[in-house]
Trainee: 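Sharing a structure, written as structure tokens. Questions coming.
Naming: A, B, ... by sequence-line order, numbering from 1 per chain. Reckoned from all heavy atoms, side chains included, excluding hydrogens, waters and symmetry mates.
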Number of protein chains: 2
Amino acid sequence: MNEMGFLIPSKKERITDPTVGRLVAYRRLLMRLVDDGVPVVSSKEIGEMLRLKSSQVRKDLSYLGEFGKRGVGYDVGRLLEDLAGILAPFEMWRIGLVGIGRLGEALLNHRSFLSENYEVTAVFDSNPDKIGRSYAGKPCYHIDDLPRIIAEKNITVLILTVPQQAAQTVLDMAVKTGRIEGVLNFSAAVLQAPPGVQIKDVDIFIELEKLLFKLKASEQKKKQNF
Amino acid sequence: MNEMGFLIPSKKERITDPTVGRLVAYRRLLMRLVDDGVPVVSSKEIGEMLRLKSSQVRKDLSYLGEFGKRGVGYDVGRLLEDLAGILAPFEMWRIGLVGIGRLGEALLNHRSFLSENYEVTAVFDSNPDKIGRSYAGKPCYHIDDLPRIIAEKNITVLILTVPQQAAQTVLDMAVKTGRIEGVLNFSAAVLQAPPGVQIKDVDIFIELEKLLFKLKASEQKKKQNF
DNA sequence: CACTGTGAAGGATTTCACAGCG
DNA sequence: CGCTGTGAAATCCTTCACAGTG
């Protein structure tokens with residue numbers, strides 16, 4: 001333990017975004033290995049299973065402390081505990097999901113949404129037919145009730161699966177409560193929020209275009225070889 | 001024009017992935033500006049609208065060539081054409097979408113899927129009730145017919161919205177045709193494919209965990225200030 | 001004069017390479 | 001001996017700062 005706190009531990013260097021992404025992937029993998037009864041795993045094996053260099057894996061894991069056994073590898077159960085500890089929040093995040101369209105429902109019903117780190121506490125929509133029903137066991141409220149429900153249920157994180165035009169309005173309403181800390185935005189809107197509100201955009205169509213551009217570049221390269 | 005080819009033009013430096021992502025965002029923004037009748041825009045204005053530094057915008061746009069007017073800014077219509085040209089494929093990408101669950105349908109019905117650069121040519125599922133129906137106007141085939149339909153419709157890109165356990169099997173079937181160049185994978189599976197097949201993973205739950213970890217870090221920081 | 005275009009600097013992330021330990 | 005942990009090097013990406021131009 002160090003002088004900086006003990007829930008995000010040890011090293012002076014802070015854990016960066018790409019590293020966090022991989023830590024989550026390691027946790028997933030280790031859960032499977034535990035189920036399969038695998039006792040020990042090396043950075044090389046992890047790397048092969050996740051398409052990463054072993055040096056990358058070791059660097060990432062070194063942020064947790066020195067938990068590997070030289071000449072052997074990592075104890076699967078132990079490493080999983082450590083990872084889960086690092087990734088665990090101070091208390092369970094309470095999330096509101098806004099927009100029960102196909103995407104919103106897809107997320108809600110996904111297995112991965114059963115987590116020890118977070119839970120969707122309420123869902124919101126503007127369609128009157130949906131209000132009062134429940135989705136994946138979560139009660140659906142009207143978007144106009146956002147401020148009230150955020151306060152009542154102590155929601156601090158929002159997932160926005162609303163149409164682009166609605167996103168900023170929804171965000172403004174929610175942010176006024178002063179309780180929102182983070183937003184995962186699936187709309188194409190470029191949201192403006194006060195500092196202190198973290199926004200993370202997930203833009204599926206940009207990911208598709210990035211892939212297609214890479215394909216174009218490699219086709220071009222192929223052509224030049226003739 | 002240069003000696004390296006002319007569809008991905010000019011500069012010696014190749015356009016990187018993060019830059020491509022922003023170019024797509026610029027294109028979106030410029031389409032709106034054209035609609036709004038805005039004739040000219042500066043890098044500073046673009047940056048403010050997209051939450052980017054103006055220097056970043058200028059660097060990105062400089063890959064297209066020198067199309068700005070010093071002291072003035074960029075001609076909106078002209079810049080949009082240039083961007084669209086850079087992002088355009090040699091010929092329209094023909095995409096197969098595998099897995100008509102909520103996520104698959106969400107994508108299919110999204111406005112952004114109406115593109116001049118790509119089109120979904122066929123969709124696939126294993127549920128017999130879905131075969132033969134059409135989704136967003138696309139015919140649905142059984143997954144077993146993937147190889148045949150890929151050949152018939154000249155599909156080179158796959159979007160995988162299937163459950164994790166099915167993803168590798170589907171990919172293997174498709175890759176055997178030798179026609180698949182790229183895959184956008186929404187499952188949590190870590191796919192193995194031969195070199196020459198580009199895989200891009202979109203993992204929504206990892207994005208959520210990254211956001212939550214950042215929130216945890218900033219909460220921690222806040223606590224230290226007391 | 002207000003902007004672009006761009007080398008150079010700065011930061012961030014990955015990879016290398018090897019010392020050190022079980 | 002085999003594998004971890006980690007400084008140092010390499011690579012990748014962003015930002016600065018300013019010369020140059022319409």
Trainee: Applying a 4.0 Å non-hydrogen cut-off, can you work out what S55(A) is touching in the nucleic acid: base, sugar-phosphate, or nothing?
Mentor: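 If one applies the 4.0 Å heavy-atom cut-off, S55(A) turns out to touch a base.
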Trainee: State whether D82(B) and R78(B) are salt-bridged, where the test is any N-O pair (Lys NZ or Arg NE/NH1/NH2 against Asp/Glu carboxylate O) under 4.0 Å.
Mentor: yes
Trainee: Please classify the nucleic acid contact of G71(B) as base, sugar-phosphate, or nothing, using heavy-atom distances under 4.0 Å.
Mentor: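 Since a base atom lies under 4.0 Å of G71(B), the category is base.
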Trainee: Does dC3(D) have OP1 or OP2 under 4.0 Å away from a side-chain N or O of S42(A)?
Mentor: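 Answer is no, no contact under 4.0 Å.
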Trainee: Can you check whether R22(B) has a side-chain N or O nearer than 4.0 Å to OP1 or OP2 of dT14(D)?
Mentor: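 R22(B) to dT14(D) OP1/OP2: side-chain N or O found under 4.0 Å.
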Trainee: When we call it a touch if two heavy atoms are under 4.0 Å apart, what does T16(A) touch: a base, just sugar-phosphate, or nothing?
Mentor: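 Sugar-phosphate, backbone atoms only, no base.
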Trainee: Give K44(B) one of three labels, base, sugar-phosphate or nothing, depending on what nucleic acid heavy atoms sit under 4.0 Å from its own.
Mentor: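 No contact at all - K44(B) keeps every heavy atom at 4.0 Å or more from the nucleic acid.
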Trainee: Considering only heavy atoms and no angle criterion, is a donor-acceptor pair shorter than 3.5 Å present between the side chain of R70(B) and the base of dT4(C)?
Mentor: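 Side chain to base: pair present.
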Trainee: To the nearest 0.5 Å, how far apart are CG in L83(A) and CG in L23(A)?
Mentor: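 The CG atom of L83(A) sits 5.5 Å away from the CG atom of L23(A).
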Trainee: Please determine whether a side-chain nitrogen of the Lys or Arg among K210(A) and E207(A) lies less than 4.0 Å from a carboxylate oxygen of the Asp or Glu.
Mentor: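 Salt bridge flag = yes for E207(A) with K210(A).
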Trainee: Establish, with yes or no, whether the OP1 or OP2 oxygen of dG5(C) is under 4.0 angstrom from a side-chain nitrogen or oxygen of Y74(B).
Mentor: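 Checking Y74(B) against dG5(C): at least one side-chain N or O falls below 4.0 Å of OP1 or OP2.
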Trainee: When the ring planes of H110(A) and F205(B) are compared, do they come out parallel, tilted or perpendicular, using 30° and 60° as the limits?
Mentor: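 Ring orientation, 0 to 90° scale: tilted.
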